[in-house]
Amino acid sequence: DLSYNRTAFLASKKVGNSIVRHRLTRLIRESYRLNEEKVARGYDMVVIARSAAKGKNYHDIESAFLHLGSLHGIIES
């Protein structure tokens with residue numbers, strides 16, 4: 001019932017070393033920040049990076065974020 005979202009961005013040690021994990025969380029956080037106006041308000045979200053995301057560029061991460069958000073009904077068109 002909040003007017004804003006609470007978010008957490010995670011990557012486990014299975015994804016890679018600390019450099020890889022921090023890069024992935026930065027990419028996911030940036031894709032959320034740039035598309036925040038499309039995301040519905042009042043949600044608690046936990047975004048977990050999978051090992052398949054390792055080596056992906058920003059556009060791949062953003063596309064996956066938007067796709068998953070639309071599947072779960074939190075991305076407003």
Side-chain angles (χ1 to χ4, degrees):
D1 296 332
L2 299 173
S3 62
Y4 58 90
N5 292 327
R6 296 187 295 184
T7 58
F9 305 100
L10 307 171
S12 74
K13 285 188 175 183
K14 293 178 183 179
V15 173
N17 62 17
S18 65
I19 296 168
V20 172
R21 293 193 313 267
H22 290 297
R23 180 181 178 275
L24 283 175
T25 55
R26 283 194 311 268
L27 289 174
I28 296 168
R29 191 178 298 119
E30 183 69 3
S31 67
Y32 173 79
R33 186 185 71 82
L34 293 175
N35 294 293
E36 191 171 5
E37 71 279 353
K38 297 178 185 176
V39 179
R41 302 278 185 248
Y43 286 96
D44 294 340
M45 292 183 277
V46 177
V47 181
I48 302 172
R50 300 289 182 178
S51 60
K54 185 174 20 176
K56 301 289 185 183
N57 61 17
Y58 170 76
H59 297 292
D60 294 336
I61 299 292
E62 181 182 37
S63 174
F65 178 78
L66 293 174
H67 175 71
L68 288 172
S70 65
L71 282 179
H72 293 285
I74 62 170
I75 299 291
E76 298 170 345
S77 299

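Quick caveat: nothing in here was measured; it's all calculated off a predicted structure.
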Closest heavy-atom pair and its distance - Ala11, Arg21: O-CD, 3.3 Å
Under 3.5 Å: donor-acceptor pair, side chain of Asn57, backbone of Asp60: yes
Taken to the nearest 0.5 Å, the spacing of Phe65 CZ from Tyr58 OH works out to 9.5 Å
Nearest heavy-atom pair of Ile75 and Ser70: which atoms, and what distance? CG1-N, 3.5 Å
Note, Ile74 side chain near Met45 side chain (heavy atom, < 4.5 Å): yes
Would a 4.5 Å heavy-atom cut-off, applied to side chains only, mark Asn5 and Arg41 as touching? yes
Can you tell me how far CG of Leu24 sits from CZ of Arg29, rounded to the nearest 0.5 angstrom? 11.5 Å
Are Val39 and Tyr32 packed together at the side-chain level, in the sense that at least one heavy-atom pair is separated by less than 4.5 angstrom? yes
Are side-chain heavy atoms of His72 and His67 found at a separation under 4.5 Å? no
Using 0.5 Å steps for rounding, measure from the CG atom of Leu66 to the OG atom of Ser31. 7.0 Å
Can Phe9 be reached from Leu34 by stepping across I, L, V, M, F, W or Y side chains whose heavy atoms are under 4.5 Å apart? yes
Glu62 CD to Leu27 CG distance, which is reported to the nearest 0.5 Å: 10.5 Å
Tell me whether Asp44 contacts the main-chain N or O of Thr7 through its side chain, where contact means a donor paired with an acceptor under 3.5 Å. no
To the nearest 0.5 angstrom, please state how far the CD1 atom of Ile61 sits from the CZ atom of Arg23. 7.5 Å
Lys54 side chain vs Val15 backbone, donor-acceptor pair below 3.5 Å: yes
Quick test of your reading of the model: are Arg33 and Glu30 salt-bridged, counting only N-O distances below 4.0 Å? yes
Would you indicate whether Ile19, at its atom CD1, is surrounded by more than 12 heavy atoms from other residues, nucleotides or ligands within a distance under 6.0 Å? no
One pair to check against side chain to side chain contact (heavy atoms under 4.5 Å, CB included): Leu10 and Thr25. What are the steps and the verdict? CA-CA 6 Å; Leu10 307 171; Thr25 55; 5.9 Å; no
